[in-house]
Enquirer: 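Handing you this structure, nothing more for now.
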2 protein chains.
Amino acid sequence: MGKKKFQRMTPQRKIILEELHNARFHPTADEIYERVRRRLPRISLGTVYRNLDALAVQGIIQKLDLAGSQRRFDVNTEIHHHVRCVSCGALEDVVVLPLYPVEKILQDTHGFEIQGVRMEFSGLCPRCKEAKTTSQEKQSQNKH
Amino acid sequence: MGKKKFQRMTPQRKIILEELHNARFHPTADEIYERVRRRLPRISLGTVYRNLDALAVQGIIQKLDLAGSQRRFDVNTEIHHHVRCVSCGALEDVVVLPLYPVEKILQDTHGFEIQGVRMEFSGLCPRCKEAKTTSQEKQSQNKH
DNA sequence: TTGCGTGCAAACTGTTTGCACGCGT
DNA sequence: ACGCGTGCAAACAGTTTGCACGCAA
């Protein structure tokens, strides 16, 4: 815990990060792979995954945990919301202005025809909350 | 489109549906497989997937399109929201009462300690909206 | 007797991992 | 020289699919 290995900013990692910035929306790992490959033809998909992971651990990018079969990555590490096209899978950021009807924002600024919203709350369930506090107590006992 | 094949209610399909009702929350395909296997030891995982698919097509159950690596299935076909435990992955339904603070509901009725919300809107992006209307026009031209 | 639904196994997709090497420190 | 990060390939997990057969209509 808190044991942070030193992380080198290798050329691969740098270019992956750059391409992540260049990609319009939220690319999947192999969209990034395709882009990076144009500049580093010998890079492997495994390296892309490992670097995306490393960047996420460092908090430089965000792994998005969303619907859909492929994970997506995001240079915006703040929490925000998304619109997904049910037909082609396109994914865009949504900025929600309080007190302004969301459907209208989505229609006006994204041109989407909205069919549904899905809210997913996340946190700790009672059991895990319990488990966490007891394990923390144990840890602090060990330290003293 | 609208070409519905006749669907038989086979013993396998019936038992899968029953076990889906028995499962407390939203089981994954192989949680269902494990349960059904106690009653039909020779059933295959492929059959479970095909039946879950068929039931979803008929609108009897719902395929949940959520975060997480495994798809989950739900006998409740109405749109509703979820709480997920970030630690163990447990997933529960959330009933949102309008004008009542959501965090409080989640705390009071589920015991969850909420860390975040993620809203995902879905619908048709401008391009797919366009594509859909033009293909519909083409279809109705063909019919007449 | 037609063809849907099955069990089985192989294929497929997205992601992770073991290995040997090489390069920077 | 140490060891992190790499390319490559194999392993993995979840899901889908091709095939031959059997059973209900």
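Each chain gets a letter, A, B and so on, in the order its sequence line appears, and its residues count up from 1.
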Enquirer: Over how many whole Å does the gap from A:N51 atom CG to D:dC4 atom P extend?
Expert: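 One finds 15 Å between P of D:dC4 and CG of A:N51, rounded.
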
Enquirer: Starting at CG of B:L52 and ending at C1' of C:dT6, how long is that distance when rounded to a whole Å?
Expert: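 Result: 15 Å.
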
Enquirer: If the condition is salt bridge (charged side-chain N to carboxylate O under 4.0 Å, His left out), which residues does A:R13 pass it with, not counting sequence neighbours?
Expert: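 Partners of A:R13 by the salt bridge (charged side-chain N to carboxylate O under 4.0 Å, His left out) criterion come out as none, since no residue qualifies.
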
Enquirer: Could I get the full list of salt bridge (charged side-chain N to carboxylate O under 4.0 Å, His left out) partners for A:R37, not counting sequence neighbours?
Expert: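 A:R37 satisfies salt bridge (charged side-chain N to carboxylate O under 4.0 Å, His left out) with A:E34 once adjacent residues are dropped.
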
Enquirer: Tell me every residue that passes salt bridge (charged side-chain N to carboxylate O under 4.0 Å, His left out) with B:E19, counting only those two or more places apart in sequence or in another chain.
Expert: B:R35, B:R39

Enquirer: Report the distance from atom OH of A:Y33 to atom P of C:dT16, rounded to the nearest whole Å.
Expert: 16 Å

Enquirer: Could you give the CZ-to-C1' distance, from B:R37 to C:dT6, as a whole number of Å?
Expert: 16 Å

Enquirer: Within less than 4.0 Å of OP1 or OP2 of D:dA24, is there a side-chain N or O belonging to B:T10?
Expert: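 False: B:T10 side-chain N/O out of range (4.0 Å or more) of D:dA24 OP1/OP2.
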
Enquirer: Write down the distance between CD (A:Q58) and C1' (D:dC4), rounded to a whole number of angstrom.
Expert: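 Atom-to-atom, A:Q58 to D:dC4, this comes out as 13 Å.
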
Enquirer: Classify every nucleotide of nucleotides 7-23 of chain D by which part a protein heavy atom approaches to under 4.0 Å, writing B for the base, S for the sugar-phosphate alone and - for neither, in 5'-to-3' order.
Expert: BB-----SBBBB-----

Enquirer: Who are the side-chain contact (heavy atoms from CB on, under 4.5 Å) partners of B:I60, not counting sequence neighbours?
Expert: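 Per chain and number, B:I60 pairs via side-chain contact (heavy atoms from CB on, under 4.5 Å) with B:L17, B:L55, B:Q58.
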
Enquirer: Can you name the residues that form a side-chain contact (heavy atoms from CB on, under 4.5 Å) with A:D53, not counting sequence neighbours?
Expert: A:K63

Enquirer: For A:R13 and C:dG24, give me the distance from atom CZ to atom C1', rounded to whole Å.
Expert: 14 Å

Enquirer: Do you know the tightest heavy-atom contact between B:I16 and B:T47?
Expert: CD1-O, 4.3 Å

Enquirer: Roughly, in whole Å, what's the span from CD1 in A:I15 to P in D:dG5?
Expert: 17 Å

